[in-house]
Amino acid sequence: MTYSYTQISQYLRCPRSYRYRYLDGWREKDTRAAMVFGRCFETALGAYFLGDDPTAVLFKEWGAFRDAPFEYRKGDSWDRLVHQGVHLLQKFAQDDRVQVLNPRENLQVKLLRTLPGNNEFVSYIDALGMLDGKECLIDWKATTSRYTEEPHSLLTLDPQLICYSWISGIPEVALVVFVRKQQPEIQYLKTSISEEQRREFGRLIETTVSQVETGQFPSHSGIRFPQNGCVSCSHLGLCLNDQRLIDINLIRRPGASDLDWLDELSD
Ligand code: SF4
């Protein structure tokens with residue numbers, strides 16, 4: 001069995017939801033415009049590092065979805081997303097704070113780690129490069145609101161960065177956050193993950209995998225702040241036995257998808 005960060009984090013959020021998605025095959029329909037746009041934007045970023053025209057690539061990739069029946073958040077539209085994307089790509093080039101040498105090798109880097117019991121863990125690292133001249137592992141994020149930067153060192157608690165540091169053994173990590181808002185902004189956030197954090201994450205993975213393999217899928221339900229996970233859970237219809245919600249949100253495709261990592265760009 002191959003595990004990914006998305007799988008582990010879904011199990012930790014709600015084991016029942018994990019079972020619905022990875023064992024029963026209930027996946028969220030690809031109707032969220034922001035998620036699909038995030039994939040197109042990431043392809044355009046790759047084009048930037050390869051020396052191609054990222055704006056043209058963004059128009060081409062996102063253009064394929066011009067008439068797709070997406071759900072847009074309030075105030076969003078196909079045009080608005082593409083304009084924000086172009087603005088962010090231009091700003092990223094002007095800032096010129098990120099370098100990726102040998103982009104064909106150092107973008108979307110696949111890393112594998114063997115786990116006990118014939119299992120493995122896979123991650124696709126967005127980039128291995130330099131931020132402000134310092135070598136680090138880089139993760140891109142596309143979001144509609146800024147990441148919280150205070151208190152100092154908060155980023156050391158980001159589980160995805162800890163996961164990537166664990167699988168790569170690289171302590172220096174960074175998030176480049178593309179914030180789609182009225183005045184698009186890019187946050188360049190960097191931190192160091194300690195050896196102890198990597199060890200602890202390794203233990204968390206092993207415990208989680210063992211719970212999956214022994215069939216432990218209790219629901220971690222919650223509808224009140226701060227544990228209101230059910231409110232935004234795509235599997236809510238299954239838990240409530242509500243066919244209308246199931247039809248709106250889900251599609252059944254048996255088996256886990258090896259494209260899970262694609263979900264990780266957008267929040
Ligand atoms: S609706 Fe709640 S209990 Fe059901 S799978 Fe989602 S998070 Fe878990």
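Order of listing sets the numbers, starting from 1, for every ligand and every atom in it.
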Which of the numbered atoms in ligand 1 are below 4.0 angstrom from a heavy atom of [X]?
{"X": "Ser221", "answer": "3 (S)"}
{"X": "Ser219", "answer": "3 (S)"}
{"X": "Ser17", "answer": "5 (S)"}

Looking at [atom], what's its closest protein heavy atom, distance included?
{"atom": "atom 2 (Fe) of ligand 1", "answer": "Cys230 SG, 2.2 Å"}
{"atom": "atom 4 (Fe) of ligand 1", "answer": "Cys239 SG, 2.3 Å"}
{"atom": "atom 6 (Fe) of ligand 1", "answer": "Cys233 SG, 2.4 Å"}

Can you name the nearest heavy-atom pair linking [X] to [Y], along with the distance?
{"X": "Gly46", "Y": "Leu107", "answer": "CA-CD1, 3.9 Å"}
{"X": "Thr156", "Y": "Gln197", "answer": "O-NE2, 2.7 Å"}
{"X": "Phe201", "Y": "Pro159", "answer": "CE1-O, 4.1 Å"}

### Query
Salt bridge check: are Glu200 and Arg203 linked by an N-O gap of less than 4.0 Å?
no

### Task
Flag Cys14 as yes if one of its N/O/S atoms falls below 2.8 Å of atom 8 (Fe) of ligand 1, otherwise no.
yes

### Summary
Partner of Leu175 under side-chain contact (heavy atoms from CB on, under 4.5 Å), picked from Leu131, Leu161, Thr191, is Leu161

### Query
Does a side-chain heavy-atom distance below 4.5 Å link Asp126 with Ile138?
no

